[in-house]
Protein chains: 2
Amino acid sequence: MANNKTVSEKNPLGDLRMTKQRKVVYDVLVEGAKDHPTASEVFVRAKELMPSISLATVYNCLETMTQAGVVTQVNMDREASRFCPNLQPHAHFFCSECEEIFDVGLKEKEAPTTPWALPDGMEIDQLLVNMRGVCPKCAAKNSNN
Amino acid sequence: MANNKTVSEKNPLGDLRMTKQRKVVYDVLVEGAKDHPTASEVFVRAKELMPSISLATVYNCLETMTQAGVVTQVNMDREASRFCPNLQPHAHFFCSECEEIFDVGLKEKEAPTTPWALPDGMEIDQLLVNMRGVCPKCAAKNSNN
DNA sequence: TAGCCTTTTTAGAATAATTCTAAGAATAAT
DNA sequence: ATTATTCTTAGAATTATTCTAAAAAGGCTA
Ligand SMILES: [Mn+2]
Ligand SMILES: [Mn+2]
Ligand SMILES: [Zn+2]
Ligand SMILES: [Zn+2]
């Protein structure tokens, strides 16, 4: 009979416990889904739900969940990492005007590697795409000046 | 007559001086073109050509040249920035086995945005692509185990 | 060339995000 | 209940990078 727990309970963290702190951190991320908060921003929001939580724990939880594949760590340039709960394959777009980050999905039937001339035999495990520019809202705002 | 210098001398740094230190740093980058060294690696190599150069200067030169568009700063995850003198549009591939970085060019007639479903009105100024996986050499090595 | 102004270099201090450490708390296993 | 394991926590440590302020170099004009 042994350990049928992992099968029946489908803990998204696998063998790791879904502790109170981890739940809070995850909820914060899902709530601000469009948002891509940094660890410190997650910390501030998490404290509203659990005032005793520590920054170290937020870092630990974010790392744990990243490892478990529940969230993605987004690095743009040298800025603080941001975290994203969207598990679909997508690129990140940073608007240099409003400084928000947007998810950009793949077109139907397209692979992100398509435009690239990959040498024969190269195996791609991961592909990250970061864009920078002006988002539709800001672009519109600019054009009717 | 005034200042016809920028026109006639085509200094790739524009108005900025091509100093002895900047030349050394640039030479190091071009020499190890395939290499994508970090600032500290550039520093070590630069010292061979100019033992008196300082790390601060290497950082300054790299930033200057990045601003001037002569080199590109490559950021993979949270690791130290690397620097690349290849001005052609290209992606970066990190081999998790040999830990080297390779340039990956665009296919003919392809644009890096092709596979992405960009919302109407979004203006892209810059697009960065980082890949991770196993390079052809390492993949071959693995398969004839 | 001498004097002046601007740019660049330099060593070391400061910064900021992240990771590490070690001890206590929570949870699970026996 | 006892023990073992995992998790949380505060604070110290780390690391790449940026900042600071003073000296050096380079350019320009008289
Ligand atoms: Mn995202
Ligand atoms: Mn490159
Ligand atoms: Zn915007
Ligand atoms: Zn390799």
Side-chain angles (χ1 to χ4, degrees), chain A residues 1-6 8-9 11-26 28 36-44 46-47 49-68 70-83, chain B residues 1-6 8-9 11-26 28 36-44 46-47 49-68 70-83:
Chain A
M1 201 169 285
N3 180 5
N4 64 354
K5 194 148 48 163
T6 46
S8 51
E9 288 192 9
N11 175 352
L13 298 181
D15 281 342
L16 306 166
R17 298 183 194 148
M18 178 54 87
T19 61
K20 193 146 193 288
Q21 289 83 343
R22 286 176 181 164
K23 177 107 186 15
V24 165
V25 166
Y26 185 68
V28 163
H36 299 84
T38 63
S40 319
E41 285 163 353
V42 171
F43 178 48
V44 170
K47 272 201 294 198
L49 304 176
M50 180 188 264
S52 67
I53 200 170
S54 77
L55 179 57
T57 298
V58 169
Y59 270 106
N60 289 343
C61 293
L62 290 171
E63 185 184 4
T64 299
M65 293 171 160
T66 302
Q67 308 270 42
V70 176
V71 305
T72 311
Q73 187 169 1
V74 180
N75 297 304
M76 295 208 103
D77 304 319
R78 303 246 89 226
E79 314 222 302
S81 292
R82 297 169 172 277
F83 295 85
Chain B
M1 199 170 287
N3 179 5
N4 64 355
K5 191 148 49 159
T6 46
S8 50
E9 288 191 7
N11 175 353
L13 298 182
D15 282 344
L16 305 165
R17 297 183 195 147
M18 180 53 89
T19 61
K20 196 151 190 284
Q21 288 84 342
R22 287 175 179 163
K23 178 112 190 9
V24 165
V25 167
Y26 186 70
V28 163
H36 299 85
T38 63
S40 318
E41 287 164 353
V42 171
F43 177 49
V44 169
K47 271 201 296 199
L49 305 176
M50 182 189 264
S52 67
I53 200 170
S54 76
L55 180 56
T57 298
V58 169
Y59 271 105
N60 288 343
C61 293
L62 290 171
E63 185 184 3
T64 299
M65 291 171 163
T66 301
Q67 308 269 41
V70 176
V71 306
T72 310
Q73 189 171 0
V74 180
N75 296 304
M76 295 208 108
D77 305 317
R78 301 246 90 226
E79 315 222 302
S81 293
R82 298 171 172 276
F83 295 85

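Here is how names work: the chains are called A, B, and so on, in the same order as the sequence lines, proteins then strands, and each is numbered from 1.
- The separation between B:Gln73 atom CD and D:dT17 atom C1' is 10 Å, rounded to whole Å.
- The structure places OG1 of B:Thr64 at 11.5 Å from CD of B:Gln21, a figure rounded to the nearest 0.5 Å.
- Two residues, B:Lys20 and B:Asn60, neighbour DNA chain D, and the one matched to the more 5' nucleotide by heavy-atom proximity is B:Asn60.
- B:Thr64 comes within 4.0 angstrom of no nucleic acid atom, judged by non-hydrogen atoms across all strands.
- The nucleotide whose nearest atom lies closest to any side-chain atom of B:Thr57 is, among C:dT9, C:dT18, D:dA16, C:dT9.
- Formation of a donor-acceptor pair under 3.5 Å by the B:Arg82 side chain with backbone atoms of B:Asn75 is not found in this model.
- Atom CG of A:Leu55 and atom P of C:dA16 are 14 Å apart (whole Å).
- Regarding contacts with the backbone of D:dC7, every side-chain N or O of A:Thr19 stays at 4.0 angstrom or more from both OP1 and OP2.
- At C:dA17, none of the side-chain N or O atoms of B:Arg78 fall inside 4.0 Å of OP1 or OP2 (strictly under the cut-off).
- Nearest heavy atoms, B:His36 versus B:Glu41: O-OE1, 4.4 Å.
- For the pair B:Ser54 and C:dT10, the criterion of a side-chain N or O lying under 4.0 Å from OP1 or OP2 is met.
- Closest to the A:Tyr59 side chain, of the nucleotides C:dT19, C:dT9, D:dA16, is C:dT19.
- Base pairing of C:dA29 is made with D:dT2, judged by Watson-Crick or G-U wobble geometry with both donor-acceptor distances under 3.5 Å.
- When heavy atoms are screened at a 4.0 angstrom cut-off, B:Ala56 is found touching base atoms of the nucleic acid.
- Checking B:Ser81 against B:Gln73 by side-chain atom types alone, a donor-acceptor pair falls below 3.5 Å.
- Protein atom CD1 of A:Ile53 is 14 Å distant from nucleotide atom P of C:dA26, rounded to whole Å.
- Atom CG of B:Leu62 is separated from atom P of C:dT9 by 11 Å (rounded to the nearest Å).
- Remark on DNA chain D: of its neighbouring residues B:Glu79 and B:Arg17, the 5'-side contact belongs to B:Glu79, judged by nearest-heavy-atom nucleotide.
- Heavy atoms of B:Ser81 sit under 4.0 angstrom from primed sugar atoms or phosphate atoms, though from no base atom.
- In this structure, A:Asn75 atom CG and C:dT18 atom C1' are separated by 12 Å, rounded to whole Å.
- Within the 4.0 angstrom heavy-atom criterion, no nucleotide atom of any strand lies near B:Thr38.
- What separates CE of A:Met76 from C1' of C:dA17 is a distance of 18 Å, to the nearest Å.
- Per the geometry, NZ belonging to B:Lys47 stands 17 Å off P belonging to C:dT9, to the nearest Å.
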Please step through side chain to side chain contact (heavy atoms under 4.5 Å, CB included) for the pair A:Val25 and A:Leu62, ending with a clear verdict. CA-CA 8 Å; A:Val25 166; A:Leu62 290 171; 3.8 Å; yes

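- Between the C1' atom of D:dA16 and the CZ atom of B:Phe43 lies a distance of 14 Å, rounded to the nearest Å.
- When atom types are taken as modelled, the side chain of A:Asn11 and the backbone of A:Leu13 share a donor-acceptor pair closer than 3.5 angstrom.
- Contact between the side-chain N/O atoms of B:Gln21 and the OP1/OP2 oxygens of C:dT10 is found at a separation under 4.0 Å.
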